Amino acid sequence: MDPFADTLRRLREAFSAGRTRPAEFRAAQLRGLGRFLQEHKQLLQEALAQDLHKSAFESEVSEISITQSEINLALRNLRAWMKDEKVPKNLATQLDSAFIRKEPFGLVLVIAPWNYPVNLTLVPLVGALAAGNCVVLKPSEFSRSTEKVLAEVLPRYVDQSCFAVVPGGPQETGQLLEHKFDYIFFTGSPRVGRIVMSAAAKHLTPVTLELGGKNPCYVDDDCDPQTVANRLAWFRYFNTGQTCVAPDYVLCSPDTQERLLPALQSAITRFYGEDPRSSPNLGRIISDKHFQRLRGLLGCGRVAIGGQSDESERYIAPTVLVDVEETEPVMQEEIFGPILPIVNVRSLDEAIDFINRREKPLALYAFSNNKQVVKRVLAQTSSGSFCGNDGFMHLTLDSLPFGGVARLGICLRAHAGQPRVSPSFHGASGMGSYHGKFSFDTFSHHRACLLRCPGMEKIYSIRYPPYSPRKLRVLLMAMEARGCSCTLL
Amino acid sequence: MSKIGEVVQRARAAFNLGKTRPLQFRIQQLEALRRMIKEHEKDIAGALTADLHRNEWNAYYEEVVYVLEEIEHVIKKLPEWAADEPVEKTPQTQQDECYIHSEPLGVVLIIGTWNYPFTVTVQPMVGAIAAGNAVVVKPSELSENMANLLATVIPQYLDRDLYPVINGGISETTEVLKERFDHILYTGNTAVGKIIMMAAAKHLTPITLELGGKNPCYVDKDCDLDVACRRIAWGKFMNSGQTCVAPDYILCDPSIQNQIVEKLKKSLKEFYGEDAKKSRDYGRIINSRHFQRVMGLMEGQKVAYGGTGDAATRYIAPTILTDVDPQSQVMQEEIFGPVMPIVCVRSLEEAIQFINQREKPLALYVFSLNDKVIKKMISETSSGGVTANDVVVHNSVHSLPYGGVGNSGMGSYHGKKSFETFSHRRSCLVRPLLNDESLKARYPPSLAKMTRH
């Protein structure tokens, strides 16, 4: 028995009937989403606290506020985004109308992860709805409390003829993936990303995959260690390290390491107190499985800071490891936890080589007072995105494209009116991008349209057979004279 | 490691050396490509004649000129496209540099096909080279002469390590697909498109698939039928119908069907004479298998014109079928041959419904003097692209992305879109490493900062 056939059929019929085309319908869905966030903010915060021990501050800044911001941006710009995009014409098409029409794909599947379960479920949803699609949402079963709120409360706020939430685990996801969707948006691990893309291949469904990576963080000798440590610590331990764009490991010289360690300790103490376990600002690991995995990593290298853990709470202290070998597990997999290994390199060249030997990461960081150093790291490496002298701050810019995790609003204000841009990721860190207008474009088919006038036939007739060398000469002369594109007139 | 594996590794090693990073290098390669085309025009036309019975006119006008124009356009625009793109900043990032930096992806695989074997193989190369990638090219073995020509001349003009040509059939293609690429662009059919995407999924390689479909051509009653039929005949029968954006079938009201037939016939005679077999401008079917397939599609149909073929020369006469039953075989698969079925519908709504019941096509055509008809047809259907009151030509506008949707493909290229398709657009934020005072607000502990908890 196929548990989803009816739901999917209902959504497809609504789409075919054109329900989601009018801007007003889409705006109403977005407003509904906004009301859901406002009316159930506390419920969501509680769910996030249960799932991840997320502080109210983090919930606001990296989940709710960001999503609200995205909704507001979409509402403000919807009609502009929906407009046909005129394109430059060549001489042959001067009298024609040439434009790109943005159309919804149809039935979209959004598969969301557990680490920012509100943000990473709802922000893609905003884009998919704004673009006029019908959407099936598959939240993560690991963030159980949030999943419950999304499955039980959210549908009341969005037109259910065009929207459905499907809770469940790998079995449900597998069953869903057997069906044909017109677009699939997936955030999660590369391993599952491959499964999703293979399933999508059977139906030739285009995909956006937001995956992960080991994001290197190069710290130059020429820097102020405390400033660097503050920034590193904050971005590393935010959400207990469960952030795909968090700095994953540090590359620096032994000298810089000596200066960084006390600075990191100072930052950690300032942020989380003497006993981080009792700090309301430090989260917990999502599941026992991940906790065990991370606890195993604590055995790598030598613990310089932290290292404590408590299974009953899935608590892991903000930890820094040193004397780490490249071959150890902590340097082989994406950490996704509050552990920061430091790997020593003797020079910038060695750091760049180290980075380039490995998979392209989602994000890449370089800290230095010397701008040339920062620019060199940028120029000689590749990554989804890059930030010099900070952590994932670049995510706060509407105008930079993003494929990945949390955006951080520094002052709890929505970032009004700035066009956002999303970085495209490629390879193991993902493909495609979203946020802001990029979401809208990702979830739209860009249809090339050329409207020609039925006249002008005398001019067009040069393209018809029978061909002759003379005709070719005439055409070539005409092209050269105008020095422009006149293909096929 | 297999020979193919070695070729790909060599391309990757050459890429990793950084040779393709400077724009000057990329432009030099594109200029060399242009020289190659100009110096070997006759050879290119010769290969097309041997493979598809084309002549020097349509070799130039339907293939070579596209690529030359693409090269011109790209060389001119490359500095602009490749430049860092500053973006709008937030209040918190006013002191910072915020921009998008375009980078090559790495090693790109381009798998060509046989119907426009020069264009569909070389035009994507232009964008891939411009974006700074190494490019492995796998031409279609069905257009054998072109495949051999490309394998011979490309290494004479372009860097041999960075831009290798790999020839062969299914087993070589399978071998190539085992390697890891940073983007794959495939032009061909839906079935193989799925195989390519499955192979790409193993390495999480992004892909562009240029596939096909049955491109509908709606002819309204309110229309200049002379002009419409001439344009339709031109687009349908060029290359003997073997064009992915050719109008596949006509939808029209029964009252104008006969006129359409007459006018199509008239244009066909103007283009190809009474006996198209004698025309130098009329193509041939690529191979016997496709010849048999297309001939089979005519069985049991009402033939208003043509309907004959010659297996020895793989010639199929320009053919028009009338009153075609939508359930018949000719309406079930992409024809890709010089057979034009006409299906009668009684209204625009019926035509739209007919189109929407089927897979999304690569192209959609509508002929009408009435703007409202055109607007309605476009807004109530979907397709890769559209041309109204003409056929095929939306392809030729650089600034329009060329690609499909649904079964007709994913992703697109041409002009700037090529550059973007083959680039990674990397978000960059560069801050000064100044004192943290202004950033203190973001650090924990947060209790004091929350107005409610």
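Hydrogens, waters and symmetry mates are skipped; everything else that's a heavy atom, side chains included, is used. Everything numeric in this text was worked out from a predicted model, so none of it was measured.
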So, for [X] and [Y], which heavy atoms are closest and what is the spacing to 0.1 Å?
| X | Y | value |
| --- | --- | --- |
| B:C428 | A:L378 | SG-CD1, 3.6 Å |
| A:K360 | B:L105 | NZ-O, 2.6 Å |
| B:W234 | A:P465 | CD1-CD, 4.2 Å |
| A:N389 | B:P432 | ND2-C, 3.9 Å |
| A:N281 | B:P445 | ND2-CA, 3.3 Å |

Residues, nucleotides or ligands: over 12 heavy atoms within 6.0 Å of [X] [atom1]:
| X | atom1 | result |
| --- | --- | --- |
| B:Q95 | CD | no |
| A:R357 | CZ | yes |
| B:K77 | NZ | no |

Query - Plane angle bin for A:F271 and B:Y443 - parallel if under 30°, tilted between 30 and 60°, otherwise perpendicular - result: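 Ring orientation of B:Y443 relative to A:F271: parallel.
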Requested in this report: On the 0 to 90° scale, with breaks at 30° and 60°, tag the B:W57-A:Y467 ring pair as parallel, tilted or perpendicular.
Outcome: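 It falls in the parallel class, under 30°.
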Answer with side chain, backbone, both or neither: which region of [X] has an atom nearer than 4.5 Å to a non-hydrogen atom of chain A?
| X | answer |
| --- | --- |
| B:T190 | both |
| B:E359 | side chain |
| B:T381 | both |
| B:S267 | neither |
| B:F181 | neither |
| B:L68 | neither |
| B:I196 | neither |
| B:N16 | neither |
| B:K202 | backbone |
| B:A199 | neither |
| B:S382 | both |

Where does [X] contact chain B at under 4.5 Å (heavy atoms): side chain, backbone, both or neither?
| X | value |
| --- | --- |
| A:S368 | backbone |
| A:N369 | both |
| A:S198 | both |
| A:A200 | both |
| A:T208 | neither |
| A:S97 | neither |
| A:Y183 | neither |

**Report entry** Best-contacting candidate, A:K375, A:H203, A:K89, against chain B by heavy atom pairs under 4.5 angstrom
**Finding:**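 Heavy-atom pair counts peak at A:K375.
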Report task. Determine the option with the most heavy-atom pairs under 4.5 angstrom with chain B, choosing from A:V87, A:L204, A:V207, A:V196. Result ->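 The option with the most such pairs is A:L204.
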Supply the atom-to-atom distance [X] [atom1] to [Y] [atom2], rounded to the nearest 0.5 angstrom.
| X | Y | atom1 | atom2 | result |
| --- | --- | --- | --- | --- |
| B:L400 | A:E85 | CG | CD | 10.0 Å |
| B:D224 | A:C453 | CG | SG | 11.5 Å |
| B:L433 | A:D220 | CG | CG | 10.0 Å |
| B:R431 | A:C387 | CZ | SG | 6.5 Å |
| A:S382 | B:H101 | OG | NE2 | 8.0 Å |

**Report entry** Validation row: A:Y464, B:M238 side chains within 4.5 angstrom (heavy atoms)
**Finding:**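 Result no, sub-4.5 Å side-chain heavy-atom pair not found.
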Report task. Would you mind reporting whether A:D390 and B:L429 have side-chain heavy atoms less than 4.5 Å apart? Result ->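 With C-beta onward as the side chain, the pair stays apart.
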Taking [Y]'s backbone N and O only, do any of them form a donor-acceptor pair with [X]'s side chain (distance below 3.5 Å, no angle check)?
| X | Y | answer |
| --- | --- | --- |
| A:R463 | B:Y61 | no |
| B:H394 | A:L451 | no |
| A:R447 | B:I378 | yes |
| B:S427 | A:S385 | no |

Report task. Begin with the C-alpha distance, continue with both residues' side-chain angles, and end with the deciding distance and a verdict on side chain to side chain contact (heavy atoms under 4.5 Å, CB included) for A:E103 and B:V405. Result -> CA-CA 10 Å; A:E103 305 182 338; B:V405 65; 6.0 Å; no
Of the listed residues ([options]), which shares the most heavy-atom pairs with chain A below a 4.5 Å separation?
| options | result |
| --- | --- |
| B:G403, B:P401, B:G404 | B:P401 |
| B:E380, B:K360, B:M198, B:E270 | B:M198 |
| B:N395, B:D281, B:V430, B:N407 | B:D281 |
| B:E97, B:R21, B:M197, B:H73 | B:M197 |
| B:G106, B:S383, B:G273 | B:S383 |
| B:S399, B:G411, B:G385, B:S279 | B:S399 |

Report task. Among B:T387, B:N389, B:D390, find the one that has a side chain to side chain donor-acceptor pair (under 3.5 Å) with A:R452. Result ->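 Per the side chain to side chain donor-acceptor pair (under 3.5 Å) rule, the option paired with A:R452 is B:D390, out of B:T387, B:N389, B:D390.
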